[in-house]
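Report on the following structure.
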Amino acid sequence: MSSAAPTNIAGQKHALPSYLNADNLGPWGIYLQQVDRVTPYLGSLARWVETLKRPKRAMVVDVPIELDNGTIAHFEGYRVQHNLSRGPGKGGVRFHQDVTLSEVMALSAWMSVKNAAVNVPYGGAKGGIRVDPRTLSHAELERLTRRYTSEINIIIGPSKDIPAPDVNTNAQVMAWMMDTYSMNSGSTATGVVTGKPISLGGSLGRHEATGRGVFVVGSEAARNIGLEIKGARVAVQGFGNVGAVAAKLFHEAGAKVVAVQDHRTTLFDPAGLDVPALMEYASHSGTIEGFRGEVLRTAQFWEVDCDILIPAALEGQITAENAPQIKARLVIEGANGPTTPEADDILRERNILVAPDVIANAGGVTVSYFEWVQDFSSFFWTEEEINQRLVRIMQEAFRAIWQVAQDNKVTLRTAAFIVACTRILQAREMRGLYP
Ligand code: NAD
């Protein structure tokens with residue numbers, strides 16, 4: 001990240017919130033650069049663009065819990081609501097040792113853009129706790145989740161802000177959040193979180209939705225550049241909820257998953273890894289380490305001979321250093337923010353198509369929207385209906401963004417931002433400023 005704060009189109013420095021360090025903006029700085037790239041395409045709405053450059057509300061909470069050994073531990077938690085112009089906040093909760101306020105702010109902003117890009121009626125929000133959950137027992141994790149939920153209780157709710165799973169959180173964590181919120185509010189509020197267990201008002205198809213969306217968008221993008229999925233070689237970084245499901249769907253469609261990387265190791269097999277067996281293995285061991293296949297050094301992952309590359313782990317993975325080594329023709333961003341702006345430019349120059357996160361991984365929030373609608377109406381749909389609606393929404397959103405990219409000769413990321421930021425700022429303008 002450059003040492004100076006990014007400038008807006010008028011050449012002014014962004015007025016940074018006082019808690020951010022202009023010398024190290026992290027993921028939030030990347031997001032600000034993305035907004036600057038789209039501003040020239042916003043026409044008269046550009047006068048509202050500052051609204052996108054600051055979160056509406058950022059909450060930092062202390063989360064103290066008693067550990068099983070009797071000592072008291074304190075963790076830092078966050079919930080950021082970036083923009084609520086189009087509806088309640090929506091976005092996941094991440095438990096990770098590297099979570100920072102800058103990261104949560106960026107993730108919340110990308111949720112605003114994503115929700116508007118697929119046109120679901122939400123603003124953007126995100127939460128997290130700076131903790132390595134692997135160091136906690138099941139009971140400690142429950143206490144942590146419940147205390148965090150209590151601390152952010154006043155700003156979440158079915159019509160205010162609806163959390164969901166993200167890295168290292170799952171349906172069980174959502175069940176604890178739903179129960180804690182319900183206990184505090186005095187009635188069962190299933191619609192306060194999505195990604196819940198089916199027995200608590202969760203939706204069929206939600207677990208697979210993000211990976212399925214990655215597959216749907218990836219297939220559309222591949223078709224547009226004349227790349228056949230059958231026989232295509234695919235490399236996937238991250239083998240969790242998003243990466244494993246995406247790998248499975250590409251495998252089922254006849255692609256060869258030649259490389260998979262997780263936080264422990266990188267596996268390579270030019271003949272194609274046995275994805276169902278790898279999923280079964282990882283579900284027991286919590287990692288792909290130890291499964292059959294050649295083991296590569298971490299950095300070698302980016303040089304693997306493949307047609308499609310799917311980053312589905314964390315942000316900031318494709319950088320100016322490794323982008324020149326990438327062999328793929330298509331990058332499908334399962335993760336949020338995996339490509340830095342410098343790497344974006346390199347990939348564009350090298351004619352490698354990037355299907356950006358804000359559309360490629362929007363399948364999760366789309367089915368979260370279905371879950372929330374089902375909870376409100378207490379009427380539940382079949383998995384077939386859910387998958388059909390998901391595919392239709394993702395295809396329509398991708399095709400519209402593709403057209404904007406062609407019309408303006410811009411990348412799919414800038415096109416997605418044009419579509420999304422226009423929707424957000426139109427809502428902002430129509431609502432006007434209060435008071
Ligand atoms: P997850 O916790 O289920 O899986 C994360 C995977 O990434 C694991 O396999 C882990 O081993 C791997 N990983 C972690 N650090 C790594 C590293 N340094 N190098 C390589 N691999 C590493 O998380 P998830 O829900 O699959 O989320 C992955 C990404 O997708 C995140 O960026 C998340 O924000 C994004 N996302 C998730 C959803 C969702 O519905 N879960 C929706 C949209 C976007």
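Heads up: numbering here begins at 1 and tracks the sequence. Note that ligands are numbered from 1 as they come in the structure, with each ligand's atoms numbered from 1 the same way.
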Residues passing the ring pair (Phe, Tyr, Trp, His ring centres under 6.0 Å) test with F370, sequence neighbours excluded, are W381

Note: A312, heavy atoms under 4.0 Å from ligand 1, region reported as backbone

inquiry  = Once you measure the plane-to-plane angle for Y369 and W372, does it fall in the parallel (<30°), tilted (30-60°) or perpendicular (>60°) bin?
reply    = tilted

>> Side chains of E76 and Y78: any donor to acceptor distance under 3.5 Å?
In response: yes

Heavy-atom proximity to atom 17 (C) of ligand 1 ranks first, among H263, E289, E333, E208, for H263

Nearest heavy atom to atom 4 (O) of ligand 1, choosing from S368, G363, G240, A360, belongs to G240

The closest protein heavy-atom partner of atom 21 (N) of ligand 1 is D262 C, 3.2 Å

One finds that the ligand 1 atoms under 4.0 Å from a non-hydrogen atom of R206 are 40 (O)

With respect to N361, determine whether any N or O atom, backbone or side chain, lies less than 3.5 Å from an N or O atom of ligand 1. no

Under 4.0 Å from one or more heavy atoms of F239, ligand 1 contributes atoms 6 (C), 8 (C), 9 (O)

Nearest non-hydrogen protein atom to atom 33 (C) of ligand 1, with distance, is D166 OD1, 3.2 Å

Exercise. Quick one: do E371 and K196 make a salt bridge, cutoff under 4.0 Å?
Worked result: yes

In this structure, atom 27 (O) of ligand 1 is nearest to the protein heavy atom V167 CG2, 3.7 Å

Checklist entry - Ion pair present between K327 and D305, side-chain N to carboxylate O less than 4.0 angstrom? => result no

Check this for me: does any side-chain nitrogen of one of R143 and D68 sit under 4.0 Å from a carboxylate oxygen of the other? yes

T149 and T180: side chain donor to acceptor below 3.5 Å: no

So salt bridge (Lys or Arg N to Asp or Glu O under 4.0 Å) across residues 245-254, not counting sequence neighbours, yields E208-K248

Per-atom filter on ligand 1: closer than 4.0 angstrom to a heavy atom of L314 are 15 (N)

Next on the checklist: Check this for me, if you would: do E220 and R223 make a salt bridge, where the nitrogen-to-carboxylate-oxygen distance has to be below 4.0 angstrom?
Outcome noted: yes

In this structure, atom 2 (O) of ligand 1 is nearest to the protein heavy atom N168 N, 3.1 Å

The answer for which part of T210 has a heavy atom under 4.0 Å from ligand 1 is side chain

### Query
Backbone N or O of H207 within a donor-acceptor pair of the N241 side chain at under 3.5 Å?
yes

The answer for which part of Q237 has a heavy atom under 4.0 Å from ligand 1 is side chain

Contact region, M111 to ligand 1, non-hydrogen atoms below 4.0 Å, reads neither

* To do: May I have the step-by-step check of ring pair (Phe, Tyr, Trp, His ring centres under 6.0 Å) for Y31 and H82, ending in yes or no?
  => CA-CA 12 Å; Y31 163 74; H82 171 258; 5.6 Å; yes

Closest to atom 29 (C) of ligand 1 among protein heavy atoms sits A313 O, 3.1 Å

among protein heavy atoms, the one nearest atom 25 (O) of ligand 1 is N241 CB, 3.7 Å

Quiz item: Mind checking whether R94 has a heavy atom under 4.0 Å from ligand 1?
Solution: yes

Atom 24 (P) of ligand 1 sits nearest the protein heavy atom V242 CG2, 3.9 Å

Notebook entry, point to check: Side chains of T265 and E289: donor-acceptor distance under 3.5 Å anywhere?
Noted result: no

Note: heavy atom closest to atom 7 (O) of ligand 1, options G238, G213, A246, belongs to G238

